[in-house]
Amino acid sequence: MDHVFPEGFLLGAATAAYQIEGAPDEDGKGTSIWDTFAHTPGKIRNGETGDVACDHYHRWRKDIALMRELGLRTYRFSVSWPRIFPEDVGRVNQAGIDFYSRLVDGLLEAGIIPALTLFHWDLPQALQDRGGWASRETIDAFVRYADLLSRALADRVPIWITHNEPSVVATDGHAVGEHAPGLTDPALAVQVAHNLLVSHGLAVAEIRSNGAQKVGLTINVWPQAPATESPEDVAAAERQYAAEAGWFLDPLYGKGYPSEIMATYERKGWAPVIADGDMEAIAARTDFLGLNYYSRSVVRDAPDEEPWHASGVDEEGEYTDIGWFVYPAGIYDLLTRVHADYAPPELYITENGAAFTDVMTSDGQIHDERRTAYLQGHFAAAARAIAEGVPLRGYYVWSLMDNFEWAEGYSKRFGLIHVDFDTQIRTIKDSGRYVQSVIREGKI
Ligand code: FCB
């Protein structure tokens with residue numbers, strides 16, 4: 001293939017604290033809502049928890065050695081908030097800061113650029129007990145946490161991501177209830193989404209004033225394609241896109257909430273309470289936008305489907321193990337559309353990857369051709385967007401290693417590195433070798 005990434009392109013891999021660290025109450029860590037949720041019977045497949053996960057809290061040095069072997073230019077990880085503030089906003093746990101400080105130093109020594117996500121879903125339980133993201137107290141707590149951590153690490157961590165996928169936090173956590181804290185209140189979910197955005201905006205200035213080079217956030221977007229060219233289907237796809245993506249991206253780029261979506265929320269009594277200054281706060285200037293891309297949806301007009309009068313249509317083709325359609329061109333569609341609509345100064349793919357069932361063959365290797373093909377297709381489509389002028393500066397494969405996939409437990413493997421969860425033995429998969437070669441040679 002003659003597709004290439006440009007010189008200096010940051011290709012790496014991503015993880016999140018609860019999915020890999022384990023050590024749920026070591027060195028003064030407090031309880032997070034994911035600790036609580038995973039230990040609630042019936043919430044996670046096979047009753048699994050993140051209590052051990054990849055035991056990364058103890059094995060981080062070896063994990064950095066593996067990253068170095070793969071030649072990763074950059075590594076995106078998240079900080080476990082309750083390691084830093086075990087209870088609420090009161091007491092700071094220095095041992096928690098020290099852990100991430102050592103991790104960052106280890107990455108820098110290995111020549112790997114750290115990218116830090118402040119909130120990848122593991123809210124301190126003590127804050128949930130006071131209302132969680134539905135309460136404005138949590139906004140203040142987040143800003144304090146962002147300030148404290150960036151004071152400690154912004155001299156060494158150049159890339160800061162405030163939130164990971166606020167729409168998933170709001171919807172899966174507060175409307176559908178399949179993620180922590182497991183609530184099923186759509187009106188509350190809309191308020192949570194708003195509060196998350198406000199907390200992002202208020203944190204940006206703090207992080208920047210503490211010396212961070214780049215501050216942004218990560219949004220998950222599935223492009224929505226109409227099932228037919230009919231005006232009804234086209235409108236349904238646009239409604240779905242506005243509800244999922246526009247609801248977050250429009251206010252971040254100073255356009256306010258999409259009016260059609262707000263009108264629906266008002267009709268249903270779900271509209272958020274917006275305080276003076278909130279919309280200005282949300283629109284704080286950022287240095288980049290992070291996008292998580294996994295798949296797209298095809299949508300048709302469906303007048304009976306509440307609230308968006310749209311419904312998904314199955315596509316013919318390949319699906320990953322988690323049931324997501326494989327559609328590499330979607331990453332091109334997404335990047336070019338977001339660039340045209342909002343023109344963020346820089347873009348990063350902060351997650352992209354695939355869950356497939358892996359088999360270790362008698363040679364002790366994992367020949368995961370489908371994952372490699374998935375990545376190759378998506379890399380090529382992203383390179384096409386770059387060639388057309390989209391300022392995509394980096395790309396993080398989800399994930400560095402197999403890990404705890406939220407409500408799916410350990411059943412879905414996304415890693416470039418295989419983890420045997422009984423022995424904690426790590427084995428680089430063929431897809432990991434493939435990424436290594438792309439980084440080394442630039443060629444896709
Ligand atoms: C994203 C999450 C990430 C991981 C992938 C598969 O929604 O941000 O933690 O679970 O999906």
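Here, residue 1 is the first one in the sequence, and each next residue gets the next number. Please read these numbers as outputs of a predicted model, since none were measured by experiment. Just follow the structure's listing: the first ligand is 1, and inside any ligand the first atom is 1.
Of the candidates K412, E351, E408, Q19, it is E351 that places a heavy atom closest to atom 2 (C) of ligand 1. One option in W121, F404, Y294, Y18 has a heavy atom closer to atom 5 (C) of ligand 1 than any other, and that option is Y294.
Less than 4.0 angstrom separates some heavy atom of N164 from each of these atoms of ligand 1: 8 (O). Residue F414 has at least one heavy-atom neighbour below 4.0 Å for each of these atoms of ligand 1: 6 (C). Residue W406 approaches ligand 1 through these ligand atoms, each under 4.0 Å from one of its heavy atoms: 3 (C), 4 (C), 9 (O), 10 (O).
Across every non-hydrogen atom of A380 and H3, the tightest pair is CB-CD2, 3.5 Å.
Contact between V168 and ligand 1 is absent, with no heavy atom of the residue lying under 4.0 Å from the ligand.
Classification of the Y75-H56 ring pair by plane angle, with boundaries at 30° and 60°, yields tilted.
On a distance-only criterion, W324 and ligand 1 share no N/O pair closer than 3.5 Å.
Atom 7 (O) of ligand 1 has its closest protein heavy atom at E165 OE1, 2.6 Å. The protein atom (non-hydrogen) at minimum distance from atom 10 (O) of ligand 1 is E405 OE1, 2.7 Å.
Contacts with ligand 1 closer than 4.0 Å are made by side-chain heavy atoms of H120 only, the backbone lying farther away. Within the 4.0 Å heavy-atom criterion, neither part of N220 lies near ligand 1.
By the 6.0 Å and 45° rule, R285 does not stack over the aromatic ring of Y253.
When each of Y293, Y294, Y396 is checked for a side chain to side chain donor-acceptor pair (under 3.5 Å) with E351, only Y294 meets the rule.
The salt bridge (charged side-chain N to carboxylate O under 4.0 Å, His left out) pairs that include a residue from residues 96-108 are D105-R156, where partners are two or more places apart or lie in different chains.
Remark: K412 pairs with R45, D321, I322, A355, E405, E408, F414 by the side-chain contact (heavy atoms from CB on, under 4.5 Å) rule, at least two apart or across chains.
Side-chain atoms of R73 come within 3.5 Å of backbone atoms of F9 as a donor-acceptor pair (strictly under, hydrogens ignored). With R426 contributing its side chain and Q424 its backbone, the two residues share a donor-acceptor pair below 3.5 Å.
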